Amino acid sequence: MSASKPDPARMTRRAFAVFAGAGLAAAAGWGWLRTRPTEGGIPWPLRWMHRLNEGIGRALFSERHLAPEFPEESRAAEPRVNGVIGSPAKVDGAVRVVGPDGAEKRFTPAALLAGLPRVESTTELKCIEGWSQVVTWGGVRFRDAAAHHRWPVDACEYVSMTTADAGYYVGLDTASLMHPQTLLCDRMNGEPLPVDHGGPLRLVIPVKYGIKNIKWLARIAFGTERPDDYWAERGYDWYAGL
Ligand SMILES: Nc1nc2c(c(=O)[nH]1)N[C@H]1C(S)=C(S)[C@@H](COP(=O)(O)O)O[C@H]1N2
Ligand SMILES: [Mo]
């Protein structure tokens, strides 16, 4: 009597059936998802998942929860340029700061940061597409600029940031901007911030994915409603917390 040996042909047929079944289920699921009514341009089940993620993100967020910092030696030798949406701002161009009442003040990028404590920190820029790189950023803390310029951070839960041509725009929660690692950044890897990487001024916000780290920052507007966001309109998570 021989011990029953597995029949390779049968095993293969079974594996194939499982594989095909999973494929059909995924296709059916995708078809279902695609035909759901949309909310803010994306199917409601995805919007619902984003809300769930945001709830968890906000619950985990705290001023004391720091993104990891790295030794300078571990930074990328040649940081890749990724974001190309929106037009670069002029070095001497205005950065407009707009209150909830629409009142506007203009600064050059240098004037916006003048006299504030300079900070350097080496953190990881994480793109939502899966890659990341370690970069040494220099600038001033957003929270220091907010205190110095008396920005209405207590009255306004949200901030909209845009490029000069409004081609790229991000919506941010004020709490994340006030995080100690969030910088108005004008230097990168020990040099003035190159135009490719957002010079003269970009936002560095290591508690969020790369999409929120807007380059060529030219307008900062405070408000009480959740601002438009370039990538949220294209299906990504509005909060984009890490
Ligand atoms: N103005 C502007 N800022 C932007 C983007 C963009 O397309 N335009 N892309 C974002 C994304 S998705 C990433 S990952 C980072 C990439 O920064 P880098 O080009 O300096 O590597 O910039 C962010 N800021
Ligand atoms: Mo990205």
Side-chain angles (χ1 to χ4, degrees), residues 61-72 75 79 83 86 88-99 104-126 133-164 168-222 227 242:
F61 177 83
S62 122
E63 295 223 326
R64 285 176 297 280
H65 178 90
L66 298 179
E69 302 220 3
F70 298 81
E72 277 192 32
R75 72 196 185 198
K90 297 195 183 88
V91 176
D92 58 354
V95 179
R96 291 178 292 153
V97 180
V98 186
E104 190 179 294
K105 285 189 184 156
R106 288 164 174 256
F107 302 84
T108 60
L112 196 68
L113 310 194
L116 295 169
R118 305 257 353 152
V119 179
E120 259 208 349
S121 70
T122 303
T123 51
E124 200 170 19
L125 178 69
K126 287 194 182 179
Q133 61 190 359
V134 174
V135 181
T136 302
W137 305 107
V140 311
R141 291 189 181 90
F142 178 91
R143 55 150 73 164
D144 290 343
H148 178 77
H149 297 291
R150 298 168 195 273
W151 290 340
V153 289
D154 294 327
C156 299
E157 196 187 338
Y158 295 107
V159 177
S160 158
M161 292 192 174
T162 50
T163 55
Y168 196 74
Y169 43 96
V170 297
L172 294 146
D173 55 297
T174 308
S176 295
L177 284 169
M178 296 297 280
H179 186 276
Q181 287 173 307
T182 302
L183 304 180
L184 292 169
C185 165
D186 63 352
R187 294 181 70 78
M188 187 182 110
N189 293 348
E191 316 250 332
L193 183 63
V195 173
D196 278 352
H197 287 285
L201 189 69
R202 80 178 294 169
L203 182 71
V204 169
I205 182 160
V207 297
K208 304 259 186 203
Y209 275 105
I211 45 177
K212 296 289 188 184
N213 292 240
I214 184 173
K215 312 200 288 190
W216 313 306
L217 176 58
R219 186 172 181 273
I220 303 172
F222 292 85
L242 279 165

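The structure presented is a predicted model; accordingly, all values stated were derived computationally and were not measured.
Qualifying side-chain contact (heavy atoms from CB on, under 4.5 Å) partners for Ala175, counting only residues two or more places apart in sequence or in other chains: Phe61, Asp173. Under the side-chain hydrogen bond (donor to acceptor under 3.5 Å, both in side chains) criterion, Thr163 pairs with Asp165, not counting sequence neighbours. Here Lys212 pairs with Asp229 under the side-chain hydrogen bond (donor to acceptor under 3.5 Å, both in side chains) rule; sequence neighbours left out. Residues passing the ring pair (Phe, Tyr, Trp, His ring centres under 6.0 Å) test with Tyr209: none are found, sequence neighbours excluded. Partners of Arg141 by salt bridge (Lys or Arg N to Asp or Glu O under 4.0 Å), not counting sequence neighbours, listed by chain and number: Asp144. Looking at residues two or more places apart in sequence or on another chain, you find no side-chain hydrogen bond (donor to acceptor under 3.5 Å, both in side chains) involving Glu157. Every side-chain hydrogen bond (donor to acceptor under 3.5 Å, both in side chains) that Tyr169 has, sequence neighbours left out, goes to Glu233. Looking at residues two or more places apart in sequence or on another chain, you find no ring pair (Phe, Tyr, Trp, His ring centres under 6.0 Å) involving His148. The salt bridge (Lys or Arg N to Asp or Glu O under 4.0 Å) check on Glu104 picks up Arg96, Arg106, with sequence neighbours excluded. Not counting sequence neighbours, the partners of Pro109 by the side-chain contact (heavy atoms from CB on, under 4.5 Å) test are Val95, Pro200, Leu201. With sequence neighbours excluded, the residues satisfying side-chain contact (heavy atoms from CB on, under 4.5 Å) with Thr123 are Glu69, Ser121, Trp137, Gln181, Pro206.
Here the two rings, on Phe142 and Trp151, have centers that are under 6.0 Å apart.
Among residues at least two apart or in separate chains, salt bridge (Lys or Arg N to Asp or Glu O under 4.0 Å) pairs with a member in residues 174-202 are Arg118-Asp186.
In this pair, Phe107 and His149 present their aromatic rings perpendicular. The plane angle is above 60°, beyond the 30 to 60° band.
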